[in-house]
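First comes the structure, then the notes that go with it.
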Amino acid sequence: MTLSHSLRLAAVMMGGLALPVSAQDMSRGEYVATTADCAACHTSGHEGAPYAGGYAIQSPMGAITSSNITPSVEFGIGGYSLAEFTAALRDGIRKDGAHLYPAMPYPSYARMTDEDIAALYDYLMTEVEPVEEAAPQTRLSFPFSQRWSMIAWNAAFARAEPFQPDGDQSPEWNRGRYLVEGPAHCGTCHTPRNLLMGSDQGEFLAGGEVGGWHAPNLTPTGLGDWSDEDLADYLKTGVATHARASGPMAEAVEYSLQHLKDDDIAAMVTYLRSLPAKGREPAAPADVPTPAAFVPADHADARSQHRLDGDASGAQLYETVCASCHGLSGQGSPDGTYPALKGNLTLTQVQGTNLLSTILQGVSRETGDHHTLMPGFGPDSLVQKLDDEQIARLASFTATSFGPQPVAFTADDVKTARTGGAVPPLVRLATPQIMVAGLIAALVLLGLVVLLIVRRRRAA
């Protein structure tokens with residue numbers, strides 16, 4: 001669990017969080033900012049000043065800290081012209097010419113219209129209070145610290161053009177496509193990445209990995225049996241029949257999606273329904289077995305001893321830390337406050353990393369006047385700490401008992417989720433040893449080319 005996530009949990013426990021006003025009360029620029037989810041990344045937790053930056057966005061290359069985008073001339077974007085603001089939003093280039101990292105989703109924001117960008121600029125410059133304080137600087141290790149290297153990456157992977165409506169499609173479909181591909185930047189998380197961390201557009205929205213979380217397939221392969229109502233409800237509330245939003249998706253619902261107009265949510269659903277099927281991710285669990293593997297022992301004895309000793313079984317751990325909310329048989333609470341685990345998509349093998357991350361980090365999601373809160377049980381737990389071996393046993397029992405098929409997690413799987421997900425090949429190749437070896441190989445190759453040229457000239 002990150003520090004910011006812990007602070008958010010604490011803020012919920014201590015008495016509620018301020019939410020943006022409804023869509024009807026927003027200016028056009030504020031609505032664009034909400035659609036683009038600007039506040040979620042550019043505000044350091046619920047206690048930070050709005051848009052003052054300082055939020056640490058975890059990436060495979062290290063933590064990327066968001067910048068101050070208030071109208072402060074010295075510390076924010078107050079000195080930006082509209083053209084300079086547009087260049088930052090669409091091209092990822094700051095006023096000083098330095099390149100932004102694509103943790104700021106400018107490859108998607110490039111699809112935004114001139115009118116929406118102008119409205120967003122006006123909102124940030126005239127409606128947001130300036131914060132006269134610098135946000136902490138991003139400090140990545142070499143070679144990722146070299147921002148100029150983004151020039152080549154942008155040329156290869158950030159080539160989107162401003163959105164143009166398709167005259168053969170309905171206005172609703174065009175609006176949905178604009179939102180999904182542009183300001184809502186759904187593809188940033190839900191599209192798989194290639195070797196160089198660029199989005200694989202041939203598999204657009206077919207599912208991706210975001211740190212220790214899996215962003216599921218949004219094409220018909222992944223949404224096969226979801227009704228339009230289920231999908232719209234999930235976007236607005238984070239709740240659907242077989243799923244609950246957690247991690248980055250919970251933040252997207254809390255800060256952005258729940259505040260969108262119903263017509264815009266419906267438009268997004270319309271567009272998602274039209275996508276070609278991609279990937280192989282199942283749409284929903286198969287028939288869920290009865291959890292016969294779980295035979296509760298002496299409940300009173302279990303509670304008194306807490307069953308949290310090092311060799312506690314997965315069933316004992318589940319009974320101690322999960323059953324009071326999710327039920328001994330995974331049935332959830334009658335009112336749905338605590339979701340059923342039977343049939344829950346998080347327990348499918350493809351989403352196993354989400355089960356681990358949920359146990360580690362918990363869930364904090366606020367929609368309307370309702371707080372959804374599940375404590376995490378990782379190293380930073382405010383309630384009960386479990387080690388990696390215990391979490392692996394707990395997750396294996398839960399997925400096997402209530403999911404569609406047996407799953408066996410290891411402590412290494414938990415460690416991978418706890419430390420931000422699998423390390424991409426690009427990052428693995430950027431070790432000092434490999435870079436030195438590559439440099440030596442390049443110098444040797446260059447030497448051979450020079451030698452060949454010299455010999456040819458002498459022969460001539």
Side-chain angles (χ1 to χ4, degrees), residues 1-11 17-18 33 36-80 84-85 87-89 91-107 109 120 124-125 128-150 153-154 185 188-189 197 210-213 247-248 250-252 254-256 361 364 376 378-380 418-421 423-424 427 430:
M1 183 187 298
T2 63
L3 177 59
S4 62
H5 190 75
S6 298
L7 289 174
R8 292 179 187 197
L9 288 178
L17 309 171
D37 208 10
C38 302
C41 289
H42 286 277
T43 304
S44 183
H46 289 286
E47 296 181 353
Y51 301 106
Y55 181 79
I57 302 167
Q58 300 303 322
S59 83
M61 285 70 71
I64 297 172
T65 307
S66 62
S67 58
N68 182 333
I69 59 169
T70 73
S72 166
V73 174
E74 183 176 1
F75 301 109
I77 61 170
Y80 278 59
E84 290 165 338
F85 178 78
L89 207 66
D91 305 322
I93 300 176
R94 300 188 317 205
K95 178 181 174 69
D96 63 3
H99 285 262
L100 299 173
Y101 295 111
M104 198 286 248
Y106 59 86
Y109 291 163
L120 177 58
L124 292 173
M125 291 299 184
V128 172
E129 290 293 324
V131 176
E132 303 300 334
E133 183 178 347
Q137 293 294 307
T138 296
R139 301 192 184 282
L140 302 182
S141 60
F142 184 85
F144 304 113
S145 59
Q146 306 303 299
R147 290 178 179 265
W148 58 265
S149 65
M150 295 307 303
W153 191 93
N154 289 339
H185 58 278
T188 301
C189 294
M197 299 297 293
V210 186
W213 299 90
E251 292 185 353
E254 180 175 339
Y255 289 100
S256 176
Q361 299 185 24
S364 175
D380 300 321
R418 175 170 52 78
T419 55
V423 179
V427 178

Exercise. Ignoring hydrogens and geometry, is there a side-chain-to-backbone donor-acceptor pair from N154 to G92 under 3.5 Å?
Worked result: no
For this session: List the steps and the verdict of side chain to side chain contact (heavy atoms under 4.5 Å, CB included) for H42 and S67.
Result: CA-CA 6 Å; H42 286 277; S67 58; 3.7 Å; yes
For this session: Using a 4.5 Å cut-off on heavy atoms from C-beta on, say whether the side chain of H185 contacts that of D37.
Result: yes
For this session: For the residue pair P50 and V128, establish whether any side-chain heavy-atom pair is separated by less than 4.5 Å.
Result: no
For this session: Spell out, as yes or no, whether a donor-acceptor pair under 3.5 Å connects the side chain of S66 to the backbone of Y55.
Result: yes
For this session: Please answer whether the main-chain N or O of I93 pairs with a side-chain N or O of D91 as donor and acceptor at a distance below 3.5 Å.
Result: no
For this session: Using atom types as modelled and distance alone, determine if a side-chain donor or acceptor of K95 lies under 3.5 Å from a backbone N or O of I77.
Result: no
Exercise. Considering only heavy atoms from C-beta outward, does the side chain of Q361 approach that of W213 to under 4.5 Å?
Worked result: yes
Exercise. Heavy-atom distance under 4.5 Å between the side chains of I57 and C41, does that happen here?
Worked result: yes
Exercise. With no hydrogens and no angle check, is any side-chain donor or acceptor of Y101 less than 3.5 Å from a backbone partner on T138?
Worked result: no
Problem set entry | Close side-chain approach of L120 and L89, heavy atoms under 4.5 Å | yes
For this session: Could you tell me whether the side chain of T70 and the main chain of V131 form a donor-acceptor pair under 3.5 Å?
Result: yes
Problem set entry | Beyond-backbone contact of T65 with Q137, side-chain heavy atoms, under 4.5 angstrom | no
Exercise. T43 side chain to Y51 main-chain N or O, any donor-acceptor pair under 3.5 Å?
Worked result: yes
Exercise. Atom OG of S364 and atom CD of E254: how far apart are they, to the nearest 0.5 Å?
Worked result: 6.0 Å
For this session: Spell out, as yes or no, whether a donor-acceptor pair under 3.5 Å connects the side chain of H99 to the backbone of S149.
Result: no
